[in-house]
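Just so it is clear, the values below take in all heavy atoms, side chains as well, and ignore hydrogens, waters and symmetry mates. Along the sequence shown, residues are numbered consecutively beginning with 1.
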Amino acid sequence: MYKKRKVLLIIEGKYVWTYFVEDGEIAEIHCSALIEEKQQTEPALGNIYIGKVKTIVENIGAAFVEIQKGVNCYYDISQAEHAIFAHKQGKKTINIDDELIVQINKEAVKTKAATVTSNLSLTGRYAVLTHGNTRIGVSGKLPKDIKETYKTQLSALKNDRFGLIIRTNAVTVPFETVAAEIERLREEYKKILDTAQTRTCYSCLRSAPPAYITDLKNVYTEGLEEIIIDNKELYTDIQKYFLQEQPELLALLKLYDDKQLSLANLYSTQSVLEKVSKERVWLKNGGYLVIQPTEALTVIDVNTGKYTAKKKRKDAGFQVNMEAAKEAARQIRLRNLSGIIIIDFINMETEDEKKTLVKELRCYLEKDPIQTTFVDVTPLQLVEITRKKVRKPLHELLSSIDCIQLYNN
């Protein structure tokens, strides 16, 4: 049975806050600056540029590509074999002053530069067109029969320039809808390549849509009931986007204009933000998690805390662990944690307990829309997880804009 889903878009100060609500509980939080507040020249995730190779560091297999004057980004030179060059300097695979088409695929984090790739990716609601990877792929979350049908129907599009990935959202729509979107992505891909031949270095060939539009493009449609917006101008902008790109979702748009109770207060978003800014997360049974992000990884420590039955039951630790597994998976998604994540569960008494806990945790992690991988359990009973980094984790976002103070003003 599908979860009941809603999306809230709330303007606070200079920012648009996007909340994904599942079965009445906030599951994801995203934040982006309003369009008018962003500099038009500011590099953004997904933008495509003609960049220039400034430095090559052979011993780490990297180069630094300048996409704007003074803005250098990290580039993995193993991708250069399939790169699209606007201007080539020498016979080597990649040379200083080569000009090539690159896309920002990771935002700058603290002291680390943004990362660019020449494996371009054009993302639609139902499909992704990929340059550099010519495989025809289908989301692993789709049923086996649907996966096989898509692979058969798309086999005629196999070529040596680009590939396609069918997204999970395609499960709810007919093939004709997906095929029409693929054709739009192919036309956009061709336009980018053609335009690059006549543009100068540092040109932006494609500006990514605002982050809140991308968020709406990525939300699962199964069980989606409403997209509620608390601002008339934002509502109009999103309505225009849906008219062009996703007319099937227009009926879900709702403008919230209650003057007595704000949308933020109705869904207690301030309370949620305050809780996710804290290290300690209490469990219903009295146990708690301590979540500590570090430079290298994130550690989640599980504690029995005030567990009421801990003196009466031999399996008290196991009971806390089972609830902690569900809450840890929820917090990983809610806080947008990424990279290496270590969970220190309470030591388990038997092998059966460990297997049951691992099975439960895997089940919760598989529901995360972002690629999350259960790696292993170490001899010290530490659980190792990795999660793909797409955007800044929530704790960095909150510290950079001081949103709790913003909400209190």
Side-chain angles (χ1 to χ4, degrees), residues 1-3 5 20 22-23 27-28 30 45-46 79 103 105-106 117 119-159 162-182 185-186 214-224 246 325-326 328-334 336-341 343 355 357-377 383-391:
M1 185 176 178
Y2 293 139
K3 291 184 177 182
R5 293 186 168 91
F20 291 176
E22 296 182 353
D23 290 341
E28 284 186 34
H30 303 284
L45 193 67
Q79 301 174 6
Q103 182 176 34
N105 64 339
K106 284 186 183 178
T117 177
N119 295 337
L120 309 182
S121 178
L122 304 181
T123 303
R125 179 151 189 80
Y126 309 113
V128 182
L129 184 148
T130 58
H131 173 85
N133 179 357
T134 59
R135 186 174 65 91
I136 304 291
V138 181
S139 167
K141 294 184 179 180
L142 289 178
K144 186 176 180 180
D145 59 330
I146 294 179
K147 287 172 66 175
E148 294 303 319
T149 299
Y150 268 112
K151 286 181 179 179
T152 301
Q153 291 175 314
L154 295 173
S155 60
L157 297 178
K158 180 72 176 174
N159 65 91
F162 64 83
L164 294 166
I165 301 170
I166 302 303
R167 305 184 68 192
T168 307
N169 272 330
V171 72
T172 61
V173 296
F175 175 76
E176 290 74 20
T177 302
V178 180
E181 182 177 83
I182 289 173
L185 294 175
R186 290 174 65 186
T214 302
D215 293 334
L216 291 175
K217 191 183 290 187
N218 291 335
V219 68
Y220 284 168
T221 52
E222 301 97 331
L224 184 59
Q246 295 173 248
K326 180 178 181 180
R330 175 177 175 268
Q331 291 292 328
I332 287 170
R333 182 182 174 194
L334 183 63
N336 193 25
L337 302 175
S338 59
I340 301 170
I341 302 168
I343 305 180
K355 288 180 179 178
L357 177 64
V358 167
K359 183 179 179 181
E360 189 85 351
L361 181 60
R362 281 181 183 272
C363 180
Y364 292 126
L365 295 176
E366 285 171 1
K367 296 176 183 178
D368 195 326
I370 293 178
Q371 182 181 333
T372 306
T373 306
F374 179 96
V375 179
D376 199 4
V377 181
V383 173
E384 300 173 318
I385 297 167
T386 62
R387 188 170 186 262
K388 184 178 179 180
K389 180 164 186 146
V390 178
R391 295 164 84 172

Tell me every residue that passes side chain to side chain donor-acceptor pair (under 3.5 Å) with [X], counting only those two or more places apart in sequence or in another chain.
X: Asp215; answer: Arg391
X: Ser139; answer: Thr168
X: Asn169; answer: none
X: Glu360; answer: Tyr364

Is the [atom1] atom of [X] crowded by more than 12 outside heavy atoms at less than 6.0 Å?
X: Lys106; atom1: NZ; answer: no
X: Lys388; atom1: NZ; answer: no
X: Gln371; atom1: CD; answer: no

Positive for side-chain contact (heavy atoms from CB on, under 4.5 Å) with Val383, one of Val358, Asp376, Ile343: Ile343
Sequence neighbours left out, what passes side chain to side chain contact (heavy atoms under 4.5 Å, CB included) with [X]? Give chain and number order.
X: Ile165; value: Val128, Thr130
X: Lys389; value: Val109, Ser338, Pro393
X: Leu129; value: Leu122, Phe162, Leu164, Leu185, Arg186, Tyr189

Gln103 side chain vs Gly46 backbone, donor-acceptor pair below 3.5 Å: yes
Donor-acceptor pair, side chain of Glu22 and main chain of Lys3, under 3.5 angstrom: no
What's the spacing between [X] [atom1] and [Y] [atom2] if we round to 0.5 Å?
X: Ile385; Y: Arg362; atom1: CD1; atom2: CZ; value: 10.0 Å
X: Thr134; Y: Leu157; atom1: OG1; atom2: CG; value: 12.5 Å
X: Leu361; Y: Thr372; atom1: CG; atom2: OG1; value: 10.0 Å
X: Lys367; Y: Lys326; atom1: NZ; atom2: NZ; value: 8.0 Å

Exercise: identify the closest heavy-atom pair between Ala170 and Ile166: CB-CG2, 3.5 Å
Closest heavy-atom pair and its distance - Leu357, Ala325: CD1-CB, 3.9 Å
Residue list, salt bridge (charged side-chain N to carboxylate O under 4.0 Å, His left out) with Glu28, at least two apart or on another chain: Arg333
Partners meeting salt bridge (charged side-chain N to carboxylate O under 4.0 Å, His left out) with Arg387 (sequence neighbours left out): Asp368
ring-ring contact (aromatic ring centres under 6.0 Å, His included) partners of Phe20, counting only residues at least two apart: His30
Contacts of Phe374 that satisfy ring-ring contact (aromatic ring centres under 6.0 Å, His included) - sequence neighbours left out: none
Is the closest side-chain heavy-atom distance between [X] and [Y] below 4.5 Å?
X: Asn119; Y: Asn133; value: no
X: Ile340; Y: Val375; value: no
X: Leu337; Y: Gln331; value: no
X: Ile182; Y: Leu154; value: yes
X: Arg167; Y: Asn218; value: yes

Between Gln79 and Thr117: side-chain donor-acceptor atoms closer than 3.5 Å: yes
Residues Thr149, Phe175; criterion side-chain contact (heavy atoms from CB on, under 4.5 Å); working and verdict: CA-CA 10 Å; Thr149 299; Phe175 175 76; over 6 Å; no
Pairs involving residues 121-150, ordered by first then second residue, that meet salt bridge (Lys or Arg N to Asp or Glu O under 4.0 Å) (sequence neighbours left out): none
